[in-house]
There are 2 protein chains.
Amino acid sequence: MPAIKDVAQRAGVSVATVSRVLNQHPSVRADTRERVLAAVADLGYRPNAVARSLRTDQTRALGLVISDVLNPFFTELARSVEDAARDLGYSVVIGNADERPELQDHHVRTLMDRRIDGLLISPTDGGSPMMLDAARTGTPMVFVDRWIEDESLASVPVVRTDGRDAIRDLVAHLHALGHRRLAIIAGPAATTTGRERVDAFRAALREFGLTLDDGHIGQGDFQADSGRRVTARFLDLPRPPDAIFAADNLMALGAMDEIRARGLRVPGDIALAAFDDIPWFVHTDPPITAIAQPTGELGHAAVRALVDLVEGRPAESVTLSARLVTRRSCGEPEGSKP
Amino acid sequence: MPAIKDVAQRAGVSVATVSRVLNQHPSVRADTRERVLAAVADLGYRPNAVARSLRTDQTRALGLVISDVLNPFFTELARSVEDAARDLGYSVVIGNADERPELQDHHVRTLMDRRIDGLLISPTDGGSPMMLDAARTGTPMVFVDRWIEDESLASVPVVRTDGRDAIRDLVAHLHALGHRRLAIIAGPAATTTGRERVDAFRAALREFGLTLDDGHIGQGDFQADSGRRVTARFLDLPRPPDAIFAADNLMALGAMDEIRARGLRVPGDIALAAFDDIPWFVHTDPPITAIAQPTGELGHAAVRALVDLVEGRPAESVTLSARLVTRRSCGEPEGSKP
DNA sequence: ATCCTCCGTGTAATCGATTCCACGAGGAGG
DNA sequence: CCTCCTCGTGGAATCGATTACACGGAGGAT
């Protein structure tokens, strides 16, 4: 693999001149430029990004640590992040934390070791040591989707979706269809989205004169299995809920598994709704009512904020809003009753 | 961010000694080692991977270029690749080609510029310039899932799934349920998996005395939209097929969309099956019969082969086999008829 | 006592780029 | 004709690690 000195030699110039040509520095005579470019083409030379990074102290790479790649919400997020970053001339290195704090820490550490220019992170837990460290040492950092409530992290911008209104709409929808005993499969209490969705759900219930039983809050971990387990607990109750709201799409999948395994039917026996909409919800039996986040915009906004930080501009937090997409899993839509 | 010389200074030794401690070189006196380790801890020093890579000419990073992150098959693959790589002490940098050759090329180029140690690639097309270049210049490289049939790439190991038998099983299943006019939504002809699945399908049909009409082969591109389009064409035929086999799960999703949009029913009006199984297929209406690849093993085997290459050992191609998972989208299972 | 070995450590070259500074040539202005 | 700029270019320092080689001291062999 040819290095810059090979190009210099072949073009009969110094490495400095080659470097200037490569970085479109103006003070190179046109014919010299030609010669250098010709040598570059002949040798198939490509600058070594590792060496360049060492010298310039920037890698033009961003780190993205997400909680679970297998969750369609996060893969869509990852995709939009990569798109936005590429447009701005950055690469993205993805780390999958699998909802495990120690894995999250591993990835943050590896990314920092590789000296990525900035970190986009959707924390799995209450804040791992490496992450606090990264924030403290001034690594540009942006939280996406979830964030950490810690005063030492107060300056880290948060790009997220506020599901409050959509959740209220969902509760209204359920209420209108006659459901009164509503339950929620919550995310981990350590995550902000975990808590927030429960809070919003509880507040909305209150608005409709309902209360959220302690027995109707199940602790999940955003994985399908936990949705199954919690749903089993709900269904074993003497008076089971008549509607279940899963705080993410994987737990909704688990819930469906369990409901189906017991020979019950959605929405006849029990209604089901989920946070996060995915293409498959159209084709499930029945199609699932869900709260959709503007995932693409979320990714773009997050990258914009992070790159602002990286390039020395101030960055702001962004809050987008989610919307309810009603389908048939909570009962027949209002207008369509016979 | 402290560098090795800061550690050296604080411990009162030279940078060489610090480096030796960090790389567990044996010839360091125990008490010196202690002092160095203490300094490392005090400063929170972490070695700069960029500098290390420049010097050692290895990054301990692997590149993975996949055709489409949004396809659950590939995200599962990516996840298993990352798992396997991490176990062996490597990081994975993912590039999403989005089934677009020019994007694939962009990622290969970027990864090569960053001097990744090896490249895992699932090519979208017949072989882009950068890829041929990479192979020619001796970059360790392994094809996964798909590959390129080019003599200059003959030495690149291929880790893949052979779906031949499973496709035969599928055709047998369809035949047993009375379907005779079978159609296939194929992948791009430029991809090996695209062609291979059609070939296997055609061969299996012949075995059952059926033929594959030209009108019953639709050219898709592994994306949902193309599944929709091709299905529309099938259904507009004067004598539409009575069973459709989609060569991947996204095109199956598109096919379902189209079938549903026309008010037709699966499997009553038309049977549907897909290559690649995903968790949601259990919950669609109806549950979809699919051919499942051992995705986890695929990823692990691919990483093993690539790391062998990277570390100077010979690597071998691996072919795993897929299996048919019958559900209800082709008709009621044999045993369960009344 | 002398010489050799080995052990632990330091000095300095090196990887491949970027960039500051210096330098020579040529043109403009006095 | 001399001085001063400007322009284009080259030399060399630098980023942060690794590692070949050198070196001084301790201990063993003779």
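Labels below follow one simple rule: chain letters A, B, ... track the order of the sequence lines, proteins then strands, and each chain is numbered from 1. Every value quoted in this text rests on a predicted model; they were computed, and no experiment measured them.
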Rounded distance (Å) that lies between atom C1' of C/dG16 and atom CG of A/Asn48: 6 Å
Atom-pair distance (CG on B/Leu22; P on D/dA17), nearest Å: 8 Å
N/O (side chain, B/Arg52) to phosphate O (OP1/OP2, D/dT18) under 4.0 Å: yes
Upstream residue (5' side of DNA chain D) when B/Arg20 and B/Arg46 are each assigned their closest nucleotide: B/Arg46
Whole-Å distance separating the CD1 atom of A/Ile4 from the P atom of C/dT14: 18 Å
Which nucleotide in D/dA12, D/dT18, D/dT9 has an atom nearest any side-chain atom of A/Ser27: D/dT9
Salt bridge B/Asp83-B/Arg79, side-chain N to carboxylate O under 4.0 Å: yes
Phosphate OP1/OP2 of D/dG8: any A/Thr17 side-chain N/O under 4.0 Å: no
B/Asn23 side-chain N/O to D/dT18 phosphate OP1/OP2 under 4.0 Å: yes
Distance, nearest 0.5 Å, that separates CG of A/Leu77 from CD of A/Glu82: 12.0 Å
Nearest atoms (heavy-atom pairs only) where B/Pro129 meets B/Asp105: CG-OD2, 3.8 Å
Separation of atom CG in A/Leu54 from atom C1' in C/dT14, rounded to whole Å: 12 Å
Nearest listed nucleotide, side chain of A/Ala16, among D/dT9, D/dA12, C/dG10: D/dA12
SB check A/Glu297 A/Arg160 (cutoff 4.0 Å): no
Distance test, side-chain N/O of A/Arg29 to OP1/OP2 of D/dT9, below 4.0 Å: yes
